[in-house]
Amino acid sequence: MSKKLFIQTLGCQMNDTDSQHIQAELEKHKGYIKTDKLEDADLIIINTCSVREKPVQKLFSEIGQFNKKKKNGAKIGVCGCTASHLGQDIIKRAPYVDFVLGARNISKIKDVVDIKGSVEVAITNDDSQYEFATATSNQYRTSVNISVGCDKECTYCIVPSTRGEEISIPPEMIVSQIQKAVDQGAVEVMLLGQNVNSYGRRFSDKRGKYSFTKLLQDISKIDGLKRIRFTSPHPLHMDDEFIEEFAKNEKISKCIHMPLQSGSTTILKAMRRGYTKEWFLNRATKLRNLVPNLRITTDIIVAFPGETHEDFLDTLDVVNQVKFDQIFNFKYSARPGTKALEFKDKEIDDEIGSLRLTQLIELHKRYLEDSMPSMIGQTLNVLVESLKPNGEVTGYTDNYYQVFAKGSDELLGKFVDIKITSATRTSLKGEVIA
Ligand code: SAH
Ligand code: SF4
Ligand code: F3S
């Protein structure tokens, strides 16, 4: 009988892909199959995130629970960014943990899984040319890493110390991985990296430079691939060449993530983001001018050390001007080993931080309540990707509105026209047009 794997994933989309790789590697080399029931598992893995403090605090109580609930003899592994940053200490604090595998060491899963007490967390490890077993999650969509690590030094961010320096994955490996997924029915790809548009500056085989724009052109030549998405691009590297390719390449989804972090040039400087408020607005305006129906999503951190009321108003000003379609809001969280710890004396009172967060969320709620209903009456083309038990199908438009409609499994994997009849803040509902 095959062994069973339970895997819980926290954090970003790169962690999701890493979990898919872990699962695929363990299936191929060790005969594990996935289970959703922790109690049935022979191996329990938690793929962790370190980006903010709270989930890290919760980690030990969570694995304590795993240890209580697991069946006799089942193993526990801690993987991902918190594994990278705490390493051996995890086993010291929780001796029942069988192995620790860092975010930069995923290719070593098959080596550590059977060695009690093994710890692989070196951030100098280079997985960039490792051919992972093929992973599948969504039938129509595949996620592919285009680089590992991050070379930026945003002062609040722990990621460079958990994922190491940035190395690009060779374009031909990326293309062949997407081709494989397309051969199995995928029509959409999500390209992943901490900083996708600095792609091609360093490869581990020392080949010459490449660019993200060129990579996008290579990928769009794949027959059968209909939609290309990517995250996260860095606003600093959104040069004209990139924006023009984004605008004219029909396969590129017209929804872009532009992580603002702050609208204040002073705070952006303290964060070492490398751009100003004006640069961000200039890039957003250029994109909007070239791309009708563009949707823009963003990440914002409030209450970074030293953020004054005026700085916060600058953030609200950018939110009002750019009209983001989705905002991932965070309250600043001090992280070990980051440069921002030096600004400890300027840390913002937690209550003020919470107040700013609420204000930002409310402002954005009001915007969505005003803007989403304007979609009613329009007919949108939707790639249908799943059928819910209540008989509704759901999928996404090219600019990534999520749309629901009554339908059947015949629509799965097809692009269908849906006339919008109602809207919430986050999704649309309509009727399929025969
Ligand atoms: N490479 C991506 C971000 C990865 S982390 C990028 O640059 O866009 C995802 C988000 O978490 C960041 O965009 C940031 O908004 C948030 N974040 C990172 N460190 C944080 C911290 N110390 N406190 C609060 N939010 C943080
Ligand atoms: Fe962190 Fe900045 Fe790198 Fe994003 S670009 S992972 S925020 S250091
Ligand atoms: Fe992702 Fe969290 Fe690591 S956001 S890169 S899993 S710290």
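Every heavy atom of this structure was used, including side-chain atoms; hydrogens, water molecules and symmetry mates were not. Remember, it's 1-based here, ligands and their atoms both numbered in the order they're listed. Since we're looking at a predicted model, the values are computed, not measured.
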By side-chain hydrogen bond (donor to acceptor under 3.5 Å, both in side chains) - contacts of D151 (at least two apart):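 Checked D151 against side-chain hydrogen bond (donor to acceptor under 3.5 Å, both in side chains); matches are R202.
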Would you tell me whether [X] and [Y] have side-chain atoms, one donor and one acceptor, within less than 3.5 Å of each other?
X: T82; Y: S50; result: yes
X: H257; Y: D299; result: yes
X: Q139; Y: Q184; result: no
X: T162; Y: S84; result: no
X: S354; Y: K331; result: yes

Proximity flag Q13 to ligand 3, non-hydrogen atoms under 4.0 Å: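 So Q13 does not count as touching ligand 3.
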Sorted by chain and number, the residues that approach ligand 2 to under 4.0 Å with a heavy atom: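 The 4.0 Å shell around ligand 2 contains C150, K152, C154, Y156, C157, V159, P160, Q194, R273.
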Parallel, tilted or perpendicular: ring planes of Y130 versus F132, cut at 30 and 60 degrees: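 Perpendicular: the ring planes of Y130 and F132 meet at over 60°.
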Mutual orientation of the aromatic rings belonging to Y400 and Y396 [parallel < 30°, tilted 30-60°, perpendicular > 60°]: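 Correct class here is parallel.
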Distance in Å, N15 CG paired with C81 SG, rounded so as to fall on 0.5 Å steps: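 If we round to the nearest 0.5 Å, N15:CG and C81:SG are 5.5 Å apart.
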I301 backbone acceptor or donor facing Y156 side chain under 3.5 Å: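 Such a contact is absent between Y156 side chain and I301 backbone.
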Side-chain donor/acceptor of N47 to backbone N/O of G80, under 3.5 Å: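 Checked: pair present.
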Check: F212 ring centroid to H237 ring centroid under 6.0 Å: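 Centroid distance F212-H237: not below 6.0 Å, so no.
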F330 ring center near Y332 ring center (under 6.0 Å):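 Distance test on ring centres: not under 6.0 Å, no.
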Ion pair E278/R283, N-O distance below 4.0 Å: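 Result for this pair is no, no salt bridge flagged.
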Contact atoms of ligand 3, heavy-atom distance to Q194 under 4.0 Å: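 So the atoms of ligand 3 that pass are 5 (S).
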Those protein residues which place at least one heavy atom below 4.0 Å from ligand 1: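 Protein residues near ligand 1 are V51, R52, Y156, Q194, S232, P259, Q261, R273, D299, I301, F330, K331, Y332, S333, R335.
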Metal environment of atom 3 (Fe) of ligand 3, protein N/O/S under 2.8 Å: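 Hits for atom 3 (Fe) of ligand 3 below 2.8 Å: C81 SG.
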